[in-house]
2 protein chains.
Amino acid sequence: MDRRTRKRYEARAEIAKALAHPTRLFLLEELSHGKRCVCELTEMVGADISTVSKHLAILKNAGLVQDEKRGVQVFYELQCPCIPKMFGCLESILAANAERKYESVSG
Amino acid sequence: MDRRTRKRYEARAEIAKALAHPTRLFLLEELSHGKRCVCELTEMVGADISTVSKHLAILKNAGLVQDEKRGVQVFYELQCPCIPKMFGCLESILAANAERKYESVSG
DNA sequence: TGTCTATTTGGCGAATATACCAATTATCCA
DNA sequence: TGGATAATTGGTATATTCGCCAAATAGACA
C-alpha cells in the first residue's frame, strides 16, 4: 500500500473514529431531529458537560456537525445529510447479526 | 438515557469501531471487489500476517465479513451489502470538509 | 464591574486498542 | 509420519481514548 493510498484510508478512518462511540452515535441521532444546545444534550446523555462538550468537538472536528452560538448557549446541528442513512446501515447489520445468532442456536 | 437505549447505542458503536481503522477500511474496500485470502490481503497491506488476521477477526466479529476455509487458505468476503454505500458517505464528508477548508482559506 | 450560566480546555488515571514476535493449529502433500 | 505453508492465538510494550474534576473563557444582565 503506497503512501497516498494509506493517507486516503487514514482520512476516512478519522471520520469513522468519530462515529465509534455510543455517546457520539446518540448525539448524532438526536441532532438528526434538529438543533440542540449542549446543556440539553448533556441532560439526555447523563454525563459531565465537559465530557459531552468533548464528544461534540470530536464530531465537529470530523465535519459531522456544526455549531452556532446563540447568546451563552451553543447549538449543534448535523452537517452531513448521509448520517441518518448510516444509522440505517448499522441497524441492518445488527439485524442480520441477530438473525445469524438465532440460526446458530435454533438450527 | 436509560439502560436499554444505552445498550442499543453500544451495539451500534461496536460496528462503528470495527470500521474505525485505516487498515480495516482498506480491507473492506478490497473485499468489496471480491473474495480474498488472508495472504493476498497481507501482501497488499504490508503488515505482519498476524496483524491482518486480527483485523479480519474484528471485522468478522462485527458481522461485516464472513470467512470460508479452502484447504490451507481462508477466504474472506463482504457480508454486508451496504458497506460500499458507507464508503460513499465517508467520501462525501471528506469532500465537504475539503471544500470548507478551501473556503476558509480563500474567502 | 461583578456575578451567574453555558461551554470549553487542561490534566490525570484508567481502560482500550494496536503491532509485532513467538508459539500453536490446521491442512496439504511427499 | 514429517515437512511446508497459511492462519490464528497469546503475550507484551506502546499509544490512544475516555471520563471526570478543576480551571479558564464567554456572554447576559443587574
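The CZ atom of R36(B) sits 18 Å away from the C1' atom of dA7(D) (whole-angstrom rounding). Taking atom CG on L59(A) and atom P on dT7(C), their separation rounds to 16 Å, with Å as the unit. Atom CD in E68(B) sits about 19 Å away from atom P in dA26(C), given to the nearest Å. Atom CD of Q73(A) and atom C1' of dT5(C) are 9 Å apart (whole Å). One atom, CD1 of I58(A), and another, C1' of dC18(D), lie 9 Å apart when rounded to the nearest Å. Rounding to whole angstrom units, CE of residue M1(B) and P of dG19(D) are separated by 10 Å. Between D48(B) atom CG and dT12(D) atom P there is a gap of 18 Å when expressed in whole angstrom units. Rounded to a whole Å, the NZ atom of K69(B) is 11 Å from the C1' atom of dC28(C).
In terms of position on DNA chain D, the residue among R70(A) and I49(B) whose nearest nucleotide sits closer to the 5' end is I49(B). Of the residues near DNA chain C, V52(A) and K54(B), the one whose nearest nucleotide (by heavy atom distance) lies more toward the 5' end is V52(A).
Set against dA6(C), dA6(D), dT17(D), the side chain of K17(A) has dT17(D) as its closest nucleotide. Of the candidates dT18(C), dC21(D), dA7(D), the closest approach to any side-chain atom of H21(B) belongs to dT18(C). Nearest nucleotide to the H55(A) side chain, out of dC21(D), dG19(D), dC20(C): dG19(D). Closest to the V72(B) side chain, of the nucleotides dA26(C), dA6(C), dC20(C), is dA26(C). When distances are taken from the side chain of A47(A) to each of dA19(C), dT7(C), dC20(D), the shortest belongs to dC20(D).
Between C89(B) and C82(A) the SG-SG gap is short of 2.5 angstrom.
Under 4.0 Å is where a charged nitrogen must lie from a carboxylate oxygen, and between K17(B) and E14(B) at least one such pair does.
Ring planes of H21(B) and H55(B): tilted class, angle from 30 to 60°.
Backbone-only contact: Y76(B) has heavy atoms under 4.0 Å from sugar-phosphate atoms and none from a base.
For R36(A) (side chain) and L41(A) (main-chain N/O), no donor-acceptor pair under 3.5 Å exists by modelled atom type.
Within the 4.5 Å cutoff, the side chain of K60(A) has heavy atoms near those of the V65(A) side chain.
Applying the 4.0 Å criterion to OP1 and OP2 of dA19(C), one finds that T51(B) has every side-chain N and O outside that range. At least one side-chain nitrogen or oxygen of R24(A) sits closer than 4.0 Å to the OP1 or OP2 atom of dC18(D).
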